[in-house]
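In what follows, a single structure is set out as structure tokens and then discussed.
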Amino acid sequence: MKITYNYDGKRIADVLKRFGVEFDSFRIETFQSGHINSTFKVDVRSQGKAASYVLQRINTYVFPNPVGIMENIDKVTGHIRKKLIAEGEDPQGKVLEFLKREDGTNYYFEDAENFWRAYYYIPNTITYDQAEDPDVLKNAGRSFGLFQKQLCDFPMEELQDTMPNFHNTPVRMKNFFATCERDPVGRRCEVEEELRILREHEHVWSQLERQREEGILPLRVTHNDTKYNNILIDQDTGEAVCVIDLDTVTPGLCAYDFGDAIRFSANFAVEDEPDTSKVGLNLMLYEAFASGFISACRDFCSQTELESLAIGAVTMTFELAARFLEDYVNGDKYFKIHHPKHNLERGRSQLALALDMMKKISQMQEINCRCAGI
Ligand code: GN1
Ligand code: MG
């Protein structure tokens, strides 16, 4: 993870004080890997004692109901914490713990555009933007599977739907097609080929949603943003320690979490690789993640759900292709970009990955069956 500093440090330190943290000195680092929120690590010293916090400014364009998100997070982390305690484990460092303000809220509304939250930094952990070690990836898979397992008895109706249709792929596609129709900044001509390919694969990307509507696939509490860098890994042991980035935890399909993780971590290349000849599904990494994830899910998932996981990977990859391309055609309003064609490149890269997955779908299915013992 690349760390640079580009915010007003004093302001960030002042925000941390709003969460009741007192200190004599501070040091700030910026975490760069998320595409949405702004994240800072703040190391403080107070009377010789050191402590570290993670402070995040929530992107209110993407998350118009940040209070709802923080209320959801409070419930979900509370549920996991209780579960760990009931199992005789110490929850510290295994589930995110957000700082509460005097009024009991776990957020600070500085003004309409600046919504903040803070949690205790979990020491000796690291995040990876790319998977290199299959054993570590397997640990991450198990941990994301376990996250669903820990929440499988959570009363889903208590969660506010803060991101309606977040992984409803047909809705995402419709949005992309509609934005292309409007063509607000004259970029549609650059995505004609991608549009054609996405339309051609409707029978693939609409399948999960149809099975959900028909009640074949059940809703569960899912994470919905299972990128490899959304899990903290112990620097020494390679164990997956804690699932982070809980903004999108809402009812979803098991296959969303499996699929999104595969899309990101089992690619030969990075998510935004501009040279699409380098992009493709690495079956060795696929198997590593799948074996971990399925080992945690096979007790509570139906056979149909387990069989939906491979198509989940293809679906999430097509979906991200459409989301990046939609943002490009819409004038780059949603995802942070680092150069003008970034979203176009991301979209094309994801599309190349989805097409490669299509060629490998039966091998993916075989691996999953073997992992699930079916
Ligand atoms: C965003 O914030 P980050 O980088 O974890 C996005 C995900 C995408 C991902 C693509 C709320 O996640 O849905 O899969 O970028 N989060 C939101 O890298 O839209
Ligand atoms: Mg996120």
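Note that ligands are numbered from 1 as they come in the structure, with each ligand's atoms numbered from 1 the same way.
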Below 3.5 Å, can you tabulate the donor-acceptor pairs from side chains in residues 130-138 to any protein atom, sequence neighbours excluded?
unit_1, atom_1, unit_2, atom_2, d
Asp133, OD1, Asp135, N, 2.9

Are the charged groups of Lys227 and Asp225 less than 4.0 angstrom apart, N to O?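 Salt bridge absent between Lys227 and Asp225.
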Do [X] and ligand 1 have an N or O pair less than 3.5 Å apart?
X: Thr248; answer: no
X: Tyr334; answer: yes
X: Asn224; answer: no
X: Ser33; answer: no

Considering only heavy atoms, does [X] approach ligand 1 within less than 4.0 Å through its side chain, its backbone, both, or neither?
X: Asn229; answer: neither
X: Phe63; answer: side chain
X: Ile36; answer: both
X: Asn37; answer: neither
X: Glu319; answer: neither

Decide whether the shortest distance between a heavy atom of [X] and an atom of ligand 1 is less than 4.0 Å.
X: Arg346; value: no
X: Phe264; value: no
X: Met316; value: no
X: Asp247; value: no

With sequence neighbours left out, what residues match Arg196 under side-chain hydrogen bond (donor to acceptor under 3.5 Å, both in side chains)? Glu193, Glu200
Ligand 1 atoms in contact with [X] (distance to a heavy atom under 4.0 Å):
X: Gly34; result: 4 (O)
X: Arg263; result: 10 (C), 14 (O), 18 (O)
X: Phe324; result: 10 (C)
X: Asn230; result: 5 (O)

Have a look at Gln56 and tell me which of Thr39, Asn37, Asp245 forms a side chain to side chain donor-acceptor pair (under 3.5 Å) with it.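 Among Thr39, Asn37, Asp245, the one meeting side chain to side chain donor-acceptor pair (under 3.5 Å) with Gln56 is Thr39.
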Salt bridge (charged side-chain N to carboxylate O under 4.0 Å, His left out) between Arg117 and Asp247, worked out: CA-CA 11 Å; Arg117 67 175 172 216; Asp247 299 321; 2.6 Å; yes
Are Tyr228 and Phe264, when compared by the centres of their aromatic rings, separated by less than 6.0 Å?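 No.
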Measuring centre to centre across the rings, with the benzene-like ring taken for any Trp, is Tyr121 within less than 6.0 Å of Tyr53?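 No, the ring centres sit 6.0 Å or more apart.
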Give the ring-plane orientation class for [X] versus [Y], where under 30° counts as parallel, over 60° as perpendicular and anything between as tilted.
X: Phe144; Y: His223; result: perpendicular
X: Tyr334; Y: Tyr61; result: perpendicular
X: His35; Y: Phe335; result: perpendicular
X: Phe23; Y: Phe26; result: perpendicular

Option whose closest heavy atom lies nearest to atom 5 (O) of ligand 1, chosen from Ile244, Thr162, Asp225: Asp225
